[in-house]
Protein chains: 4
Amino acid sequence: MEQDKLATKKKVIETALTLFKINGYQGTSVRDISKKANVNIATISYYFKGKQGLLEHIIVDFLEGYIEILDKHCLSLYDKNANLILMNLVGEVLNYYFLKKEYASIFYRELTIDSVFIREIMMTYLARERYTFTQIYDAIRMSNAKLTMPFSVFFVQLKSFLSTPYLFPGYLNEVLYIQQNDLYFFERYKEYVEKWIESLFDMDERLVTRVELSS
Amino acid sequence: MEQDKLATKKKVIETALTLFKINGYQGTSVRDISKKANVNIATISYYFKGKQGLLEHIIVDFLEGYIEILDKHCLSLYDKNANLILMNLVGEVLNYYFLKKEYASIFYRELTIDSVFIREIMMTYLARERYTFTQIYDAIRMSNAKLTMPFSVFFVQLKSFLSTPYLFPGYLNEVLYIQQNDLYFFERYKEYVEKWIESLFDMDERLVTRVELSS
Amino acid sequence: MEQDKLATKKKVIETALTLFKINGYQGTSVRDISKKANVNIATISYYFKGKQGLLEHIIVDFLEGYIEILDKHCLSLYDKNANLILMNLVGEVLNYYFLKKEYASIFYRELTIDSVFIREIMMTYLARERYTFTQIYDAIRMSNAKLTMPFSVFFVQLKSFLSTPYLFPGYLNEVLYIQQNDLYFFERYKEYVEKWIESLFDMDERLVTRVELSS
Amino acid sequence: MEQDKLATKKKVIETALTLFKINGYQGTSVRDISKKANVNIATISYYFKGKQGLLEHIIVDFLEGYIEILDKHCLSLYDKNANLILMNLVGEVLNYYFLKKEYASIFYRELTIDSVFIREIMMTYLARERYTFTQIYDAIRMSNAKLTMPFSVFFVQLKSFLSTPYLFPGYLNEVLYIQQNDLYFFERYKEYVEKWIESLFDMDERLVTRVELSS
DNA sequence: TATGAATGAGTGTTCATTCAT
DNA sequence: AATGAATGAACACTCATTCAT
């Protein structure tokens with residue numbers, strides 16, 4: 001019984017993940033989900049108190065795991081080198097997104113809409129995210145005079161690297177022939193995100209160096 | 001009368017831009033638009049052959065301007081230095097997006113959905129975009145052995161830089177306090193996008209250099 | 001066109017009157033109405049902004065006519081004999097109810113429910129009704145020492161006489177074989193309501209007289 | 001355990017009484033009842049074979065007590081004075097209603113709806129009620145030539161006096177500030193119902209008397 | 001040319017009930 | 001004996017669109 005319950009609930013969630021990712025939350029009807037998941041339409045309201053509750057469940061699930069990662073890395077902030085923490089953190093986040101790709105797609109797309117109720121929930125988590133990254137950023141800055149990029153720019157660019165692969169799966173597939181499961185691409189992608197992070201810390205030095213070399 | 005017609009049409013488009021940006025295409029009803037624009041509900045179907053036609057109009061308008069920029073810069077591909085072309089092109093694109101921010105928001109969000117009818121139209125333009133950037137990228141690569149990053153990674157990261165500020169206007173505002181019209185932020189943002197581009201071309205050298213220095 | 005519009009609207013109202021009266025507001029679905037009226041289901045929302053709006057329309061229509069009668073009679077309150085005014089007023093109200101019997105049925109039944117939104121609207125009118133009857137009652141009392149019945153009792157009993165024939169049409173029909181259109185019954189009913197009113201004014205005298213006679 | 005069962009059943013009934021009275025039968029869902037009564041939703045179907053069964057239980061309970069009173073008084077019909085029997089009967093019925101006010105409210109409101117399933121059951125009892133009152137009325141008429149009012153009018157007016165205080169509890173409260181438990185009001189109300197009954201029997205005489213007096 | 005009336009298809013949600021446990 | 005899971009049917013309502021005028 002407990003098994004069956006979980007099975008039905010899980011089936012609904014997985015179907016919702018698929019359909020929300022493809023058609024968007026607004027573009028998916030509860031009837032679509034119930035039909036594809038082969039469950040009664042009332043089941044969705046029964047378990048999640050409506051369509052919105054289902055989205056909420058998905059978003060919160062995703063964000064809980066995300067915040068957990070942030071917290072874990074943030075704990076070691078004064079033991080380890082901040083650069084290293086950032087690098088590890090970003091690596092783990094990219095892995096997390098890769099594993100929960102549907103969640104990431106849905107989450108980032110909903111973040112795109114201003115008026116969605118879910119925004120309120122998101123914002124709580126995202127304020128914490130921002131706080132974590134601010135701490136790390138400040139720690140780096142204190143020990144590294146080379147980091148001149150303002151936090152806002154740094155953060156927006158970092159977030160853009162993290163989100164983009166999950167925001168345009170169809171586009172990546174059709175225009176660049178990158179499959180959502182293409183491990184090779186994601187490894188390379190991660191590698192260059194890390195290089196970008198590295199480059200932030202001695203960008204000026206590099207520039208100086210380059211000038212010297214070119215002279 | 002011709003004036004009135006244009007005025008009405010324009011009013012509809014501007015209202016649609018506002019509402020599509022805030023609530024998304026799916027989250028906006030023609031009733032909403034007609035009410036806010038203070039025009040009759042049938043007007044939209046009359047002028048744009050339906051809600052979809054209105055979106056199409058907006059997307060195509062945006063993409064036409066975009067492709068024009070791409071084409072213009074591509075023309076000088078064999079006259080000028082490819083690095084420089086890329087830099088100028090990206091700068092102009094960022095300006096274009098800044099000027100047409102609602103269009104950019106709407107366009108990129110719709111690109112997010114797999115099943116949008118407009119996708120077909122978009123894809124035509126996006127194939128051309130890809131082609132243009134491939135050409136530039138190849139030209140750079142030929143003359144610069146330092147560029148080892150695969151095209152796909154380069155292109156995804158570039159696109160992510162271009163799109164992100166327009167994809168999350170609400171988030172940027174509420175979490176990072178960046179207004180959509182914050183010229184200062186966008187200038188700095190552009191600056192660092194350009195630095196990122198620069199960094200791509202001698203990234204390896206930098207790495208080598210760094211190794212040397214650290215030894 | 002104007003004719004057609006009115007025709008459709010009227011058809012909806014009349015069907016709603018019939019069904020609300022038989023099955024109650026809650027027991028009638030908009031589908032039932034639309035089906036019986038042979039109009040599209042969306043028409044109801046189009047004209048009345050939803051099922052509740054339809055009920056509201058009906059109730060307000062009924063109450064407007066009712067209040068008009070009250071106001072008209074109240075105007076002559078200091079010209080004519082108050083007893084006479086009450087008598088005439090009650091007579092006209094009974095006629096009004098008889099003519100708008102479906103309205104009366106629906107109105108009084110909805111008044112029965114505590115939580116219906118419409119209550120708010122009703123209450124405005126009903127406060128005015130109470131005020132009118134208070135004025136008349138006070139005027140009578142001032143000139144007639146025989147009227148000892150408290151206003152509240154008087155008013156409740158009067159209202160009960162007015163409403164009952166419309167509250168239980170089915171019961172009256174099935175148990176007492178009184179048809180809703182049975183003019184003979186309603187004439188007699190009215191006659192005895194008037195007698196009841198008369199009896200109020202010299203009830204004490206009568207009691208005294210009776211005592212005398214029985215001695 | 002038997003105690004618990006009774007307790008649960010009673011809790012359900014009492015909650016149903018409250019909610020049916022406030023929102024009506026149609027306006028109350030079994031979910032509402034089960035939630036408010038803090039019992040499982042299936043309990044209601046389990047004990048009463050569905051929502052309708054619950055209503056039936058309530059109505060029948062109310063009517064059984066009512067009919068019992070009628071029968072008791074009717075037994076003495078040929079021993080005592082019919083006028084007196086009527087007076088006593090009405091007094092006791094008013095008391096019964098006062099004690100079972102929620103039942104009375106629910107019963108009379110449901111009587112209002114033509115299509116209620118329970119109607120059949122109700123009608124059986126109401127036919128007996130009518131029969132009883134016909135007997136009493138005929139007995140009075142035989143011995144009192146003054147009673148000219150037709151039975152139907154008499155009965156409708158009597159019923160209207162009995163039911164009204166329970167049909168509009170909210171209205172009485174909000175417009176006339178009469179609480180459902182206001183014993184003072186109900187005593188006065190009863191008093192004047194009885195006076196009305198008295199007045200029926202010598203109404204003509206009174207009229208004659210009055211004429212004489214005014215001459 | 002421009003619009004109000006009207007619509008059929010579809011929306012998310014709630015309903016009372018059933019049934020295996 | 002009592003319940004949580006699950007359901008099919010119905011709910012009121014909104015949707016984008018059409019069409020006569």
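All chains are named by letter (A, B, ...) in the order of the sequence lines, taking the proteins before the strands, and each is independently numbered beginning at 1.
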Inset, instruction - Name the residue closer to the 5' end of DNA chain F, choosing between B:V30 and C:Q52 according to the nucleotide with the nearest heavy atom. - result: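 It is C:Q52 whose nearest nucleotide is closer to the 5' end.
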
Rounded to the nearest angstrom, tell me the gap between atom [atom1] in [X] and atom [atom2] in [N].
X	N	atom1	atom2	value
A:K35	F:dG8	NZ	P	13 Å
B:Y47	F:dT17	OH	P	17 Å
A:L54	E:dG12	CG	P	11 Å
B:D32	F:dT17	CG	P	14 Å
B:Q26	F:dC15	CD	P	13 Å
D:K49	F:dA2	NZ	C1'	16 Å
D:Y25	E:dC15	OH	P	13 Å
C:L19	F:dC11	CG	C1'	16 Å

For residues [X] and [Y], report the shortest heavy-atom separation together with the two atoms involved.
X	Y	value
D:I113	C:G24	CD1-CA, 3.8 Å
B:N38	B:K11	O-NZ, 4.4 Å
B:V12	B:I44	CG1-CG1, 3.9 Å

Inset, instruction - Mind checking C:T28 for me? I need base, sugar-phosphate or nothing, with any heavy atom below 4.0 Å counting as a touch. - result: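 Contact class for C:T28: sugar-phosphate only.
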
Donor-acceptor pairs are to be reported for all side-chain atoms of residues 48-62 of chain C against protein atoms at under 3.5 Å, with residues two or more places apart or in another chain.
from  : atom 1 : to     : atom 2 : distance (Å)
C:K51 : NZ     : C:Y25  : O      : 3.0
C:K51 : NZ     : C:T28  : O      : 2.8
C:D61 : OD1    : C:K100 : NZ     : 2.9

With the criterion being N/O to N/O and under 3.5 Å, what pairs connect the protein with nucleotides 7-10 of chain E, and how long is each?
from  : atom 1 : to    : atom 2 : distance (Å)
E:dT7 : OP2    : C:N40 : N      : 3.1
E:dT7 : OP2    : C:T43 : OG1    : 2.8
E:dG8 : OP2    : C:N40 : ND2    : 3.0
E:dG8 : N7     : C:N40 : OD1    : 3.2
E:dG8 : N7     : C:N40 : ND2    : 3.0

Review item, side-chain donor-acceptor pairs of residues 103-111 of chain D, under 3.5 Å, at least two apart:
from   : atom 1 : to     : atom 2 : distance (Å)
D:S105 : OG     : D:K101 : O      : 3.1
D:S105 : OG     : D:Y166 : O      : 2.8
D:Y108 : OH     : D:Y97  : OH     : 2.6
D:Y108 : OH     : D:K159 : NZ     : 3.2
D:R109 : NH1    : C:T112 : O      : 2.7
D:R109 : NH2    : D:F20  : O      : 2.6
D:R109 : NH2    : D:K21  : O      : 2.9

Legend entry - Non-neighbouring partners of D:T43 that pass side chain to side chain contact (heavy atoms under 4.5 Å, CB included), sequence neighbours left out: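 Here the qualifying residues are D:T8, D:V39, D:N40, D:Y47.
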
Inset, instruction - Before giving the answer on side-chain contact (heavy atoms from CB on, under 4.5 Å), spell out for B:D114 and B:R119 the whole-Å C-alpha distance, their side-chain angles and the decisive distance to 0.1 Å. - result: CA-CA 8 Å; B:D114 266 23; B:R119 278 290 290 273; 3.6 Å; yes

Legend entry - Along DNA chain E (nearest heavy atom to each residue), the more 5'-positioned of D:K51 and A:I44: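 Its nucleotide being nearer the 5' end, the pick is A:I44.
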
Inset, instruction - Using the salt bridge (charged side-chain N to carboxylate O under 4.0 Å, His left out) rule, collect all pairs that involve residues 26-44 of chain A, keeping only residues at least two apart or in two chains. - result: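 Residue pairs with at least one partner in residues 26-44 of chain A: there are none.
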
Inset, instruction - Any chance you could measure A:I121, atom CD1, to A:L126, atom CG, to the nearest 0.5 Å? - result: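 Answer rounded to 0.5 Å: 11.5 Å.
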
Legend entry - Range-with-range stems for DNA chain F, at least three Watson-Crick or G-U pairs under 3.5 Å: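 As far as DNA chain F goes, consecutive pairing (with distances under 3.5 Å) yields the stems E:2-21 with F:2-21.
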
